[in-house]
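Below: the structure, in structure tokens.
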Number of protein chains: 2
Amino acid sequence: MEARDFKNFAYGHFTKISKALASPRRFELLDYLSQGPKTVERLASETHMSVANTSQHLQALREARLVVSSKVKNHHYYELADQEVAELLHITKRLAERRFPDVADVRVMETTDGGSVPVMSTSQAMAEVEAGRAVLIDVRAQDEYDSRHLSSALSIPLDKLEERLAELPATKKLITYCRGSYCLYASDAVRLLRSRGFDAYRLDEGPADFAISRERASDEQEDAR
Amino acid sequence: MEARDFKNFAYGHFTKISKALASPRRFELLDYLSQGPKTVERLASETHMSVANTSQHLQALREARLVVSSKVKNHHYYELADQEVAELLHITKRLAERRFPDVADVRVMETTDGGSVPVMSTSQAMAEVEAGRAVLIDVRAQDEYDSRHLSSALSIPLDKLEERLAELPATKKLITYCRGSYCLYASDAVRLLRSRGFDAYRLDEGPADFAISRERASDEQEDAR
DNA sequence: TATCTATTCAAGATAATTATTGAATAGATA
DNA sequence: TATCTATTCAATAATTATCTTGAATAGATA
């Protein structure tokens, strides 16, 4: 193989990955998939795309080997092919926030509802929970919770929150979380809870982001040995 | 701002980053830029692109805020806007190798010349150097060495290697490195050195990759505190 | 001032990507 | 077997990206 062919081969493959992430629709699909496996129809309705278009984008993601699919009954489930895909999303978002400060500003504005929704970091939240002063509430859909959730978190999907208020301790902090820093569910939950007198907060990340920080930490412990 | 507008805003910005990485030419430009600042003409000749096309791609990278430029005399120097860009390249490559095993196979085949060029990891190399059994040789261009290099490495650009053989210790291992795992310079150097009787090896990464591993390690030490 | 050099800009042809529509398929369920 | 459901495929039109060519610019140098 000639040197130039080798470079074309390598860069061609690298950009298969980046091309797959280069469409806002596909980026969003991957973002949802980082919460766990989902069917085409579910992804279509969550992203407000047509089913055909969703399917087409999923084909593109599969060609780039970022997702894999499996069949259960007559549903096709798609999921991330590798946890490193979630890491790539994470780093791309972080770089976007660094290079376009507006992005972070708008995120904070929107997810805190202009400052009225207090935010807590995961480490702070963990400390509160361990000290018995707070309870974690996962407000995502049940299957997303089942797929992965923060330890000790309760599952109360946002649309069930109002009818299940009685289950919540009035004397503790309630710390909600959802898919990640750009998801508004936890902010909606905090607003509802605060309007009912609870001391509510939201996390600044979701289980996928948290898993990445954890993994990086353990990678490094291995490297250090 | 409506919830949908917020998502479009956020995903639109995330994909500005990915779109910039989605062309093999631009990916290659960034890869060269991770070795240090370079002029348009230099980048054009290294990537075998026309100057106009190179400039156009650099504009695109600047729009995506992945590079910044500065002017010295009548040369425009471009450089990475953030070290995290190099990290994004690194992770994209790693994921491409995981998902497309051929990429790693071809890389190993090409950079070891079918197995005849022995490869060493950076940690192994560092240990050999510290024990006084090996010398590190940076075979990249002088300005790339000046921009950043592994500590204790000698600078001997590949095209000067033959005339400077007398400077090299015949009793130690010679460990060469270049831009990274996909760069062939170090392999060429090893072939030359071995043909003259030296005990030569190449590193499996370059200074940019090495810096990323280091940074990750120190990030995690901070997190642990 | 004239000229040279490095870079950018503008226009155009070609190719690739996207969303939409409607048809096709494959596997359940009745 | 017939029907239903979830998904994919195929064709189209609209948009966007790419490379080439040649002209324009801005700053050095003579």
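What you see is a predicted model; the values in this text were computed from it and never measured.
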Measure from the side-chain heavy atoms of [X] and tell me the nearest of [options].
X	options	result
A:Q56	C:dT18, C:dA28, D:dT7	C:dT18
B:Q59	C:dT18, D:dA6, C:dT8	C:dT8
A:H57	C:dT18, D:dT18, C:dA28	C:dT18
A:A52	D:dC19, D:dT7, C:dG22	C:dG22
A:V51	D:dT8, C:dA6, C:dT8	D:dT8

Between [N] atom [atom2] and [X] atom [atom1], what is the distance in whole Å?
X	N	atom1	atom2	value
A:K19	C:dT18	NZ	C1'	14 Å
B:M49	D:dT20	CE	C1'	14 Å
A:K73	C:dG27	NZ	C1'	11 Å
A:F27	C:dT17	CZ	C1'	19 Å
A:E28	C:dT18	CD	P	15 Å
A:L61	C:dT17	CG	P	13 Å
A:L58	D:dT7	CG	C1'	10 Å
A:K16	C:dA16	NZ	C1'	15 Å

For [N], the Watson-Crick or wobble counterpart (both distances under 3.5 Å):
N	answer
C:dA13	D:dT18
C:dA23	D:dT8
D:dA28	C:dT3

With a 4.0 Å cutoff (strictly under), does any side-chain N or O of [X] reach OP1 or OP2 of [N]?
X	N	result
B:Y77	C:dT7	no
B:R25	D:dA17	no
A:Y78	D:dT8	yes
A:R42	D:dA6	no
B:H75	C:dT5	no

Straight-line distance of B:L80 CG to B:Y32 OH, nearest 0.5 Å: 14.5 Å

So how far is it from B:Y182 OH to B:D209 CG, rounded to the nearest 0.5 Å? 10.0 Å

May I ask you to check whether B:Y11 and B:F14 place their ring centers less than 6.0 Å from one another?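 Ring centroids of B:Y11 and B:F14 are less than 6.0 Å from each other.
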
A:K71 or A:N53: which one's nearest nucleotide on DNA chain C is closer to the 5' end?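 Looking at DNA chain C, the more 5' nearest nucleotide goes with A:N53.
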
Closest non-hydrogen atom pair between A:R202 and A:C178, with its separation: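 For A:R202 versus A:C178, the nearest heavy atoms are NH2-SG, 4.0 Å.
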
Would you mind classifying the nucleic acid contact of B:T54 as base, sugar-phosphate or nothing, using non-hydrogen atoms under 4.0 angstrom?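 If one applies the 4.0 Å heavy-atom cut-off, B:T54 turns out to touch nothing in the nucleic acid.
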
Are the side chain of B:T176 and the backbone N or O of B:Y201 linked by a donor-acceptor pair below 3.5 Å? yes

Look at the rings of A:H149 and A:Y145 and say which category their plane angle falls in: under 30° parallel, 30 to 60° tilted, over 60° perpendicular. parallel

